[in-house]
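So the structure is just underneath, and the comments pick up after that.
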Amino acid sequence: MTITVQYFARLREDLGRERDEVAATGELQTVGDLWRHLHGDPPARLMAAVNQAHARLDTPVADGDEVAFFPPVTGG
Amino acid sequence: MTITVQYFARLREDLGRERDEVAATGELQTVGDLWRHLHGDPPARLMAAVNQAHARLDTPVADGDEVAFFPPVTGG
Amino acid sequence: MAVRLFDHPFDPWALVRERERQLPLERLGACSVFAGRMRDFNEAEDIRAMFLEHYPGMTERELERIVAEAEARWPSITCEVAHRVGAVDPSETLVLVAVWSAHRVAARDACAEILERLKHEAPFWKRERLTDGTERWVEQNTPGH
Amino acid sequence: MAVRLFDHPFDPWALVRERERQLPLERLGACSVFAGRMRDFNEAEDIRAMFLEHYPGMTERELERIVAEAEARWPSITCEVAHRVGAVDPSETLVLVAVWSAHRVAARDACAEILERLKHEAPFWKRERLTDGTERWVEQNTPGH
């Protein structure tokens with residue numbers, strides 16, 4: 001079973017890809033764990049969402065979740 | 001020479017007329033003098049204008065001026 | 001600056017759109033609009049109709065002064081103000097204030113300021129006719145800030 | 001509540017007027033609207049075009065949440081929110097927020113609050129193409145209050 005990770009805007013460009021699929025393991029308990037597992041230390045002003053709702057680095061993640069990382073939003 | 005005095009809204013109805021013409025004399029130096037000359041003590045929340053600009057009871061009046069008295073405005 | 005009085009119903013959105021055809025919208029990133037309509041109730045009473053008395057001459061001067069003072073305070077803005085006079089029926093537009101600016105804070109603040117000053121300084125007076133046929137003057141506007 | 005995304009130009013005033021045809025304006029005395037347009041400059045640079053990236057699914061959910069929370073805070077309001085996505089040219093409308101209420105303070109405050117929350121919470125990202133052909137991401141929105 002997996003967690004889907006999506007990237008948007010400058011973050012997607014900097015990472016060179018739109019998404020990752022990560023095997024859900026007991027070590028990946030939070031959004032922050034997921035980022036560190038994939039990319040190391042999180043950058044300043046990193047925003048995240050779990051299942052299309054805003055999340056923080058300490059928000060729990062679970063098997064099957066849709067997680068997204070993105071820079072500060074600039075709509076409107 | 002005269003000063004024209006106009007009344008609006010409830011004040012016009014209460015006084016039973018739209019306007020007065022007052023002979024300009026040395027005693028009528030301010031908007032307040034004019035009201036007291038015509039009607040006695042001014043009511044609370046009385047508003048006034050001289051030559052179509054907002055005025056106070058101590059605003060000077062002069063021969064030929066268009067003075068108006070009215071209740072609080074309620075537009076918008 | 002544009003200030004208009006209407007003695008008949010007007011469409012506020014048509015007015016805004018018409019004005020925008022003459023504006024450089026690529027430089028005016030923000031537009032803040034307030035439209036006030038006649039309600040069929042006020043202070044728990046049912047209102048059938050309204051008459052808007054005004055002071056011809058002073059009304060136009062006051063509206064122009066209020067807009068000019070807003071333009072002095074927020075130099076980047078462009079404004080459109082319209083107001084009904086005379087007999088008005090429920091749901092008809094009483095007042096329109098539209099402000100364009102490069103930035104949203106100026107547009108929003110100027111729109112609110114012009115409306116508040118209009119309500120407390122421009123010489124209009126509302127007379128309401130209730131559904132029971134009686135009439136009354138509106139005593140004062142509610143504070144807006 | 002109505003929340004809409006457009007991938008093509010839309011007329012904000014037609015949208016407002018269309019919505020008003022379904023509203024009891026005789027009970028909604030106040031309407032506060034903000035329309036944001038694409039400018040042809042930003043931070044002293046000339047902008048030729050813009051691409052608005054968004055997070056499909058989350059965008060609609062966020063806009064609906066923001067509006068629902070405003071309706072909970074100001075129970076009397078009715079709202080319409082629209083936003084462009086994709087390629088946008090200067091002067092085209094990026095965002096529309098319209099709020100109707102019985103009273104002006106609720107309409108004005110809710111309109112400002114929805115716009116600010118949209119700008120800081122809804123997952124949109126602007127990418128600008130300058131007149132020299134280079135492109136850049138907008139780093140962050142300016143504070144609005």
Side-chain angles (χ1 to χ4, degrees), chain A residues 1-22 24 28 30-35 37-76, chain D residues 3 5-6 34-39 42-43 50-66 68-69 81-86 88 93-97 111-128 135-144:
Chain A
M1 301 293 281
T2 59
I3 296 170
T4 310
V5 182
Q6 298 185 57
Y7 308 108
F8 290 94
R10 175 196 286 278
L11 203 55
R12 174 176 43 71
E13 286 192 349
D14 289 350
L15 294 170
R17 58 188 187 273
E18 290 187 5
R19 58 169 58 221
D20 281 310
E21 303 281 335
V22 180
L28 297 177
T30 67
V31 168
D33 293 342
L34 201 55
W35 179 273
H37 170 74
L38 289 160
H39 311 292
D41 283 339
R45 300 161 69 227
L46 179 66
M47 294 181 74
V50 174
N51 298 328
Q52 305 189 348
H54 284 290
R56 305 188 314 177
L57 291 180
D58 62 1
T59 300
V61 292
D63 189 21
D65 278 351
E66 172 182 323
V67 177
F69 292 105
F70 42 85
V73 301
T74 56
Chain D
V3 160
L5 297 181
F6 288 91
F34 180 86
R37 270 60 178 258
M38 187 192 148
R39 291 177 310 192
N42 187 23
E43 295 177 9
M50 177 184 283
F51 188 88
L52 259 166
E53 181 169 332
H54 77 297
Y55 182 173
M58 181 172 172
T59 306
E60 295 85 339
R61 289 174 60 138
E62 274 294 295
L63 295 178
E64 286 170 8
R65 179 184 65 80
I66 289 166
E69 290 180 18
V81 174
H83 206 289
R84 275 291 290 281
V85 297
V88 185
T93 302
L94 295 172
V95 61
L96 169 75
V97 178
C111 185
E113 174 76 5
I114 289 169
L115 181 68
E116 292 312 311
R117 295 194 60 183
L118 181 156
K119 281 180 169 277
H120 294 99
E121 298 172 17
F124 296 102
W125 301 273
K126 292 187 179 114
R127 184 175 173 83
E128 296 172 334
E135 300 196 358
R136 66 181 183 192
W137 291 98
V138 175
E139 292 296 330
Q140 61 183 336
N141 274 327
T142 53

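In what follows, every heavy atom counts, from backbone to side chain, and hydrogens, waters and symmetry copies are set aside. In the text below, chain A, chain B and the rest are named by the order of the sequence lines, each starting its count at 1.
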Beyond-backbone contact of A:Val73 with D:Glu62, side-chain heavy atoms, under 4.5 angstrom: no
Can you find a heavy atom in the side chain of A:Val61 that is under 4.5 Å from one in the side chain of A:Asp33? no
Between D:Arg61, D:Met58, D:His120, which residue shows the highest count of heavy-atom pairs closer than 4.5 Å to chain A? D:Met58
Hey, what's the ring geometry for D:His83 with D:Phe124, parallel, tilted or perpendicular (30° and 60° as the breaks)? parallel
Contact winner vs chain A - D:Asn141, D:Thr59, D:Leu96, D:Thr142, heavy-atom pairs under 4.5 Å: D:Asn141
Counting heavy-atom pairs under 4.5 Å to chain D, which of A:Met47, A:Arg45, A:Glu13 comes out on top? A:Glu13
When you measure from the side chain of A:Asp14 to the backbone of A:Leu11, do you find a donor-acceptor pair of N or O atoms at a distance under 3.5 Å? no
Contacting region of D:Glu53 [heavy-atom separation from chain A under 4.5 Å]: side chain
